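These notes are about the structure you will find just below.
Heavy atoms only: backbone and side chains are in, while hydrogens, waters and symmetry mates are out. Sequence lines set the chain letters: A, B, ... in the order given, protein chains first and strands last, and positions in each chain run from 1. Remember, predicted model here, so these are calculated numbers, not experimental data.
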Amino acid sequence: MPYQSPPNPQIYQEQVWTLVRQIPYGKVVTYGQIAQLIPPPNGIAPQDYKAFSPRWVGDAMAACPNDVPWQRVINAQGKISDRPGAQRQRQRLEEEGIVLINDKVDLKFYQWQGIDREAELRQTTLF
DNA sequence: GTTGTGACATCGC
DNA sequence: CGCGATGCCACAA
């Protein structure tokens, strides 16, 4: 799996899933973007968080429930990460009207920018 | 006890 | 724009 784990992996992945569920149909976000929307857990230095959090997000996605639109999470290059199921992910994105050019999504056009950070974090408090 | 290997991002050439 | 190196960790085999 990843590089170091967050202090409380279960809580963290719940936060990730909650954010991913907010992604609108036809839009995408990057792993790093999701990581930035979640504050560093207590005891984690900001620079360490910046270095590892994208990996943690990837971990959370590896175990995400069926109701999470995992296909809308891609890497910073606008590409679909190489993993089993990548083919299916691409198909789902195209079904949402997202066009891939040379296996890449045009983030300038499809990346979702409308997250209200404070509001989302408040929701994750449910866990 | 070692080794290989990750749903990443960033920088350099 | 593409490819390789870095960062430097947990976990399975």
When you measure from the side chain of Lys104(A), which nucleotide among dC8(C), dA7(B), dG2(C) comes out closest?
dG2(C)

Considering only heavy side-chain atoms of Ser5(A), the closest of dG2(C), dA10(C), dA7(B) is dA10(C)

Hey, does Lys79(A) reach any base, or is it just sugar-phosphate, or nothing, if we go heavy atoms under 4.0 Å?
nothing

Measure from [atom1] on [X] to [atom2] on [N] and round the result to the nearest Å.
X	N	atom1	atom2	answer
Arg88(A)	dA7(B)	CZ	P	15 Å
Asp82(A)	dG4(C)	CG	P	14 Å
Trp56(A)	dG7(C)	CH2	C1'	14 Å
Leu19(A)	dA7(B)	CG	P	21 Å
Gln13(A)	dA7(B)	CD	P	15 Å
Tyr12(A)	dC8(B)	OH	P	13 Å
Ile80(A)	dA7(B)	CD1	C1'	11 Å

Can you list every salt bridge (Lys or Arg N to Asp or Glu O under 4.0 Å) pair that touches residues 32-45 of chain A, not counting sequence neighbours?
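Every candidate salt bridge (Lys or Arg N to Asp or Glu O under 4.0 Å) pair involving residues 32-45 of chain A fails, so no pair, neighbours aside, qualifies.
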
What pairs meet the salt bridge (Lys or Arg N to Asp or Glu O under 4.0 Å) rule with one or both residues in residues 97-113 of chain A, with sequence neighbours excluded?
Arg90(A)-Asp103(A)

Under 4.5 Å between side-chain heavy atoms, chaining through other members, with only Ile, Leu, Val, Met, Phe, Trp and Tyr counted: pull out the rest of the cluster around Ile98(A), sorted by chain and number.
Val28(A), Ile74(A), Ile80(A), Leu93(A), Val99(A), Leu100(A), Ile101(A), Val105(A), Leu107(A), Phe109(A), Tyr110(A)

Identify, with sequence neighbours excluded, every residue that meets salt bridge (Lys or Arg N to Asp or Glu O under 4.0 Å) alongside Asp82(A).
none

Would you please name every residue forming a side-chain hydrogen bond (donor to acceptor under 3.5 Å, both in side chains) with Gln111(A), sequence neighbours left out?
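For Gln111(A), the residues satisfying side-chain hydrogen bond (donor to acceptor under 3.5 Å, both in side chains) (neighbours in sequence not counted) are Gln33(A).
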
Atom pair CG (Asn8(A)) and CD (Gln15(A)), whose distance is rounded to the nearest 0.5 Å
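These two atoms lie 9.0 Å from each other.
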
Measure all distances between protein nitrogen or oxygen atoms and nitrogen or oxygen atoms of nucleotides 9-12 of chain B, and list the pairs falling under 3.5 Å.
| from | atom 1 | to | atom 2 | distance (Å) |
| --- | --- | --- | --- | --- |
| dA9(B) | OP1 | Tyr31(A) | N | 3.3 |
| dA9(B) | OP1 | Gly32(A) | N | 2.8 |
| dA9(B) | OP2 | Ala76(A) | N | 2.7 |

Taking the P atom in each of dA13(C) and dA7(B), what is the distance between them to the nearest angstrom?
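Each nucleotide's P atom is 15 Å from the other's.
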
Pick the P atom in dT5(B) and in dA5(C), then give their distance to the nearest Å.
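Roughly 15 Å separates the two P atoms.
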
Criterion side chain to side chain contact (heavy atoms under 4.5 Å, CB included) on Arg72(A) and Trp112(A), from CA distance to verdict:
CA-CA 10 Å; Arg72(A) 297 179 191 144; Trp112(A) 185 41; over 6 Å; no

